[in-house]
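Order of the sequence lines sets the chain letters (A, B, ...), proteins ahead of strands, with each chain counted from 1. Small disclaimer: the values here were computed from a predicted structure and weren't measured.
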Amino acid sequence: MITFSNVNKWFGDLHVLRDINLSVGAGEVMVVCGPSGSGKSTLIRCINRLEQIEEGDLIVDGMNVHDRKVNMTQLRAEIGFIFQQFNLYPHMTALENVILAPTKVRKMKKDEADKLGRETLKRVGLGDKVDSYPAQLSGGQQQRVAIARGLCMRPKIMLFDEPTSALDPEMINEVLEVMVNLAKEGMTMIVVTHEMGFAREVAERILFMDEGQIVEIAPPEEFFTKPKSERTKLFLSKILTH
Amino acid sequence: MWGFYFEQLIDSLPIFLKGLWITASVSGLSLIAGSIIGFFWGIIRGGKGRILRRLIGAWVDLIRGTPFLVQIFVIFFIFPEAGINLEAFPAAVIALTNLAACFICEIVAGGIQAVPSGQKEAATASGLSAYQRLRYVILPQSMRTILPPLVGQYVLTIKDSSIVSVIGVIDVTRAGWLTVQRIPEGVLVFGLVGILYFVICYPLIQLSSNLEKRMTVVATRL
């Protein structure tokens, strides 16, 4: 579904992605973790070309993202992206937020989109909040609307960029629950997060990044119990002690 | 004394009304055309295209950095040397349109840049085209920042239109000049001129401050 081959990227002099080789299959759930500045957000932002790559090939759903001729609008429609800061449209209600792309990009009819939007908001537990504006919702609710907004496009892939990092602790679980359900339904997901409980429960593989490189990829059991690299051990000791 | 002049002033009323009509048409046409052009330039200037952005930026700086009086002289007196002969009225509208467009361009570009980049990213990520992002996500949000100064700019443009009287457009100001030659009561005549401008501008000033208040309320609610 997603294949990185020798991908390199720089921000000016900073080499943010170094020789990334990675393959994520359909239906797989992969968790990406690593210290801040390690390139994990950049890694997933390249998948829908929110960032450009300078070298290598990145194939998503059979299309070469690096190729300027590829219709990015079409590809992006197949990829849901969830931001740390939710980025809901503040001038629209929850329902309007989730049906904007289906009506404008997928050209879905208004009443059909309306029905889909209501169903999807219900699915993330916000059936009673369709007419609320983002400012009237809590952080956890806003992030669930954002997830519904992604799902309404019926994407093949969902990317999550630290979806719970901006949330108050008591709101993290309601968002993770939605994500766990999604994972169990077979969605292809790449999740940048430090929620190791989530990783343990649903991830098929955990990827650890540092300084733009993939340090280690392993299934959760192996990753937590016998990490190969010293860097991973150090990182785990820091985030798992509290 | 004033009573006598007042009667003469009543006689001059037709020329004032005509002047009012000309002021309204010059300002009105310039504001409509200037808004369209200004939004167009502002959208480009708030976007990514580097060359066009710089080009418009340089033009806007040039126009904002030179007196309007000089600009209108260039159009009316220098253009004919290059073979472009314009009547006073179209010359006035072109000069004022350009001036308004430049100021509106900066207001619009500022409004667009004030929309958080996360909004643009979210819209991009969901597959919306550049036009759709602008139409449904960016412009509606930036209107909140744009509207109050935009209406304020309208007031400034209407007042700037008085300068077109120097090339012989008989607007309210020019009507004042013509009248004062027959009625040597400057206070009375230009008092009337001032009142006429005020009558047009005051509702807009009110609108601008109302919008400002409303937009602030909306901004804190969001």
| CD on B/Glu121 to CG on A/Asn48, rounded to 0.5 Å | 9.0 Å
| Which portion of A/Arg45 sits near chain B, non-hydrogen atoms under 4.5 angstrom | side chain
| said: If you count every heavy atom of other residues, nucleotides or ligands that lies below 6.0 Å from B/Tyr202 atom OH, does the total exceed 12? | reply: no
| message | To the nearest 0.5 Å, what is the distance between OG1 on B/Thr124 and CZ on A/Arg49? | response | 11.5 Å
| request: Output the distance between atom CZ (A/Arg76) and atom OG (B/Ser129), rounded to the nearest 0.5 Å. | output: 11.0 Å
| Contact summary for A/Phe83 and B/Ala122, nearest pair of heavy atoms | CE1-CA, 3.5 Å
| Engaged part of A/Tyr89 at the chain B interface, taking heavy atoms whose separation is under 4.5 Å | both
| A/Arg149, part contacting chain B, at a heavy-atom distance under 4.5 Å | side chain
| request: Sort A/Leu88 into side chain, backbone, both or neither according to what part of it lies under 4.5 angstrom from a heavy atom of chain B. | output: backbone
| Does any N or O in the side chain of B/Gln132 come within less than 3.5 Å of the main-chain N or O of A/Lys104, such that one atom is a donor and the other an acceptor? | yes
| Is it the side chain or the backbone of A/Ile79 that comes within 4.5 Å of chain B heavy atoms, both, or neither? | backbone
| Just wondering, more than 12 heavy atoms not from B/Trp21 lying within 6.0 Å of its CH2? | no
| said: Could you check whether atom CD1 of B/Ile51 has more than 12 heavy atoms from other residues, nucleotides or ligands sitting under 6.0 Å from it? | reply: no
| Does B/Glu87 CD have over 12 foreign heavy atoms under 6.0 Å away? | no
| said: Can you confirm whether more than 12 heavy atoms, excluding those of B/Phe40, are under 6.0 Å from its CZ atom? | reply: no
| field | Which atoms of A/Met92 approach chain B - backbone, side chain, both or neither, heavy atom under 4.5 Å | value | side chain
| query | If you round to the nearest 0.5 Å, how far is CG of A/Asn97 from OG of B/Ser126? | reply | 10.0 Å
